[in-house]
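So that the names make sense, note that chain A is the first sequence line, chain B the second, and so on, each numbered from 1. What's counted below: heavy atoms across the whole structure, side chains too, no hydrogens, waters or symmetry copies.
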2 protein chains.
Amino acid sequence: MSGDLQHFFDTYRPSVDRALTERVRALKTPETLKEAMMYSLEAGGKRVRPLLSLAVLQCYRPVEEEDLPAASAVELIHTYSLVHDDLPSMDDDDWRRGQPTNHKKFGEAAAILAGDALQTTAFSWIVEADRPASADARLQLVQELAEASGSEGMVGGQMADLEGEKQSLTLEELEYIHHHKTGDLLTYAAVSGSLIAEAADEDVENWRAFGRELGLVFQIKDDILDVEGSLEEMGKSSGSDETKEKSTYPKLLTLEGAKEKLAHHIEQAEKVLGRMTVDTSLLTAFLQYIGQRNH
Amino acid sequence: MSGDLQHFFDTYRPSVDRALTERVRALKTPETLKEAMMYSLEAGGKRVRPLLSLAVLQCYRPVEEEDLPAASAVELIHTYSLVHDDLPSMDDDDWRRGQPTNHKKFGEAAAILAGDALQTTAFSWIVEADRPASADARLQLVQELAEASGSEGMVGGQMADLEGEKQSLTLEELEYIHHHKTGDLLTYAAVSGSLIAEAADEDVENWRAFGRELGLVFQIKDDILDVEGSLEEMGKSSGSDETKEKSTYPKLLTLEGAKEKLAHHIEQAEKVLGRMTVDTSLLTAFLQYIGQRNH
């Protein structure tokens with residue numbers, strides 16, 4: 001990871017962590033529900049999405065404390081999706097990042113409700129945020145987040161993924177799943193940074209294009225890691241997608257083909273950054289980090 | 001039911017039904033997910049919440065087609081909550097309104113995802129609505145709906161309800177559950193009508209006070225019906241709360257005491273209506289309908 005990006009992460013990851021946990025801890029809600037919400041928020045996520053949002057924002061102006069709620073809301077959506085995806089009727093996972101999953105710890109009912117409430121809280125944080133100051137920008141954030149996470153976005157992708165698990169998919173079907181299940185929320189994160197900055201519409205659309213490429217880079221790399229990763233590096237058994245007979249990029253394109261596709265999308269993302277009129281060097285580093293990570 | 005209220009329901013219930021189903025049918029999402037969302041939306045709900053919203057709105061001006069998305073969004077939240085509450089790990093209900101529950105029909109995974117997506121869709125509809133035209137009014141609708149339905153509202157109430165099922169509760173604990181599990185969304189519905197009308201803040205607060213009383217009337221009446229109702233009238237076995245050993249108003253206050261409490265809150269709600277400067281006769285009728293219904 002580049003020194004600048006490392007410095008950026010070291011500075012803002014604690015701020016994101018604090019914003020997430022302090023605000024959720026302050027909710028007036030039954031203790032069990034709050035504990036279940038906190039448990040998954042504190043489970044050691046890398047905060048990729050809020051940090052991506054803040055990285056885009058800092059292309060326009062320095063990040064301020066007031067930016068954290070709107071930028072962190074996407075992590076609530078991401079966390080709720082993990083809690084629900086882990087449920088027995090979905091992916092049926094007992095462990096996540098070395099800890100029992102939410103429903104193993106709190107029971108299924110509390111896990112479902114914690115996920116439901118985390119989703120709602122995300123929308124609260126955006127509308128109540130002091131930044132962006134403009135009501136229109138906050139409305140657009142709600143609209144974009146709802147689109148990215150709802151039936152035409154993340155949830156649609158998860159549904160298609162569940163239905164596709166036992167079939168061999170075409171590349172087109174696999175891309176539908178990844179675009180929506182993972183890509184839409186990463187795209188939203190990039191877009192949200194520019195909306196918090198109240199950037200020009202043209203910039204917002206460039207960040208959308210960048211986010212789409214970054215989402216593909218993230219997912220293709222994920223599939224490659226699943227083939228190549230070792231047990232120690234992944235924190236879960238590698239090759240788990242294969243055990244589940246899931247379609248992946250390496251399976252459809254060969255490992256070599258998947259790596260070529262990864263390089264192609266990194267290049268496309270760099271091209272989009274080249275079109276921007278602000279200093280995007282931190283995003284070039286972010287892109288490299290996502291494309292070259294080993295877990 | 002008063003003739004005016006019957007006429008209002010006959011006019012706008014079909015409009016609400018149409019708004020809900022046409023807009024969900026138009027979503028670009030995997031077929032199973034859409035079918036699961038549609039199934040519960042079309043399961044014969046009385047649309048009490050959207051109709052309450054529209055009844056408040058029409059105190060200010062005639063209802064227009066453009067009002068339907070924002071006014072109907074609350075029904076998406078209500079429907080998602082029923083789908084999730086029926087799940088095996090929650091209330092474990094196989095039947096609702098004479099039909100198999102969502103997870104019995106589509107499986108648990110699809111039911112969880114359909115609920116998740118219905119929640120998201122509610123927020124989309126408000127921000128994308130043409131009415132209210134003001135961005136601030138739409139932001140306030142999102143904020144109020146998130147508060148009413150999230151961890152400090154409906155979901156908090158459902159969590160407390162699940163935890164309280166096997167204990168005998170104090171009246172205070174029972175009121176916490178009802179205020180949040182049922183009351184908050186009814187209160188939101190009343191408030192939302194005034195926000196769609198872009199009414200003065202003082203009026204919005206009066207509608208909030210009215211909504212709180214109406215929510216209590218709804219729940220106390222529900223508990224009384226559960227004791228008194230016959231199998232035919234309820235469409236489910238009466239006394240089902242008793243089977244589950246749930247605390248209810250009649251159990252804590254006696255049936256007579258619950259009826260007195262019902263009359264008290266009807267009176268309080270009427271007092272609030274008396275303070276309003278617009279013609280609230282339709283809401284007087286709505287209140288009577290909620291307090292005197294037999295199913």
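The backbone N or O of Glu163(B) lies less than 3.5 Å from a partner atom in the side chain of Gln167(B), making a donor-acceptor pair. Checking side-chain atoms of Asp94(A) against main-chain N and O of Pro100(A) turns up no donor-acceptor pair under 3.5 Å. At least one donor-acceptor pair under 3.5 Å links the side chain of His84(A) to the backbone N or O of Ile112(A). In this structure, the side chain of His178(B) does not engage the main chain of Gly183(B) through any donor-acceptor pair within 3.5 Å.
The choice from Met154(A), Met159(A), Glu108(A) that makes the most heavy-atom pairs within less than 4.5 Å of chain B is Met159(A). Listed options Thr121(B), Thr32(B), Leu87(B) were ranked by heavy-atom pairs under 4.5 angstrom with chain A; first place goes to Thr32(B). Considering only heavy-atom pairs separated by less than 4.5 Å from chain B, the leading option among Leu139(A), Val127(A), Val24(A), Ile126(A) is Leu139(A). Highest contact tally toward chain B, considering only Leu113(A), Ile77(A), Val155(A), is held by Leu113(A) [criterion: heavy-atom pairs under 4.5 Å]. The most heavy-atom pairs under 4.5 Å with chain A, out of Ser151(B), Ala146(B), Ala111(B), Ser134(B), come from Ser151(B). Interface check for chain B: of the options Gln158(A), His180(A), Met90(A), His103(A), the most heavy-atom pairs under 4.5 Å are formed by Met90(A). Of all the listed residues (Ser124(A), Gly153(A), Ala160(A), Gly157(A)), the one sharing the greatest number of non-hydrogen pairs under 4.5 Å with chain B is Ser124(A).
Ala110(B) touches chain A through backbone and side chain together, each having a heavy atom under 4.5 Å away. Contact of Leu33(B) with chain A is made through backbone and side chain together, with heavy-atom distances under 4.5 Å. When heavy atoms are compared at a cutoff of 4.5 Å, Leu162(A) approaches chain B solely by way of its side chain, counted from C-beta outward. Only the side chain of Met37(A) comes within contact range of chain B, with heavy atoms under 4.5 Å apart. Heavy atoms of Leu118(A) lying under 4.5 Å from chain B are absent altogether.
Across all their heavy atoms, Ala26(A) and Lys34(A) have their closest contact at C-NZ, 4.5 Å.
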- Message: Set out, in order, the CA-CA distance, both residues' side-chain angles and the distance that settles side-chain contact (heavy atoms from CB on, under 4.5 Å) for Trp125(B) and Leu20(B), then state yes or no.
- Response: CA-CA 10 Å; Trp125(B) 285 12; Leu20(B) 286 165; 3.7 Å; yes
- Steps toward side-chain hydrogen bond (donor to acceptor under 3.5 Å, both in side chains) verdict (Asp116(A), Gln119(B)): CA-CA 8 Å; Asp116(A) 290 344; Gln119(B) 174 174 186; 4.7 Å; no
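Residues Glu42(B) and Arg25(B) are paired through a salt bridge, judged by an N-O separation under 4.0 Å between the basic side chain and the carboxylate. With salt bridges taken as basic N to acidic carboxylate O contacts below 4.0 Å, one links Glu205(B) and Arg208(B).
Other residues, nucleotides and ligands contribute at most 12 non-hydrogen atoms within 6.0 Å of the CG atom of Asp201(A).
Put simply, the residue from Asp86(B), Asp85(B), Thr101(B), Asp91(B) that forms a side chain to side chain donor-acceptor pair (under 3.5 Å) with Arg96(B) is Asp86(B). No option in Arg138(B), Gln143(B), Glu144(B) other than Glu144(B) meets the side chain to side chain donor-acceptor pair (under 3.5 Å) test with Gln140(B).
For residues 186-198 of chain A, an interface with chain B (any heavy-atom pair closer than 4.5 Å) does not exist.
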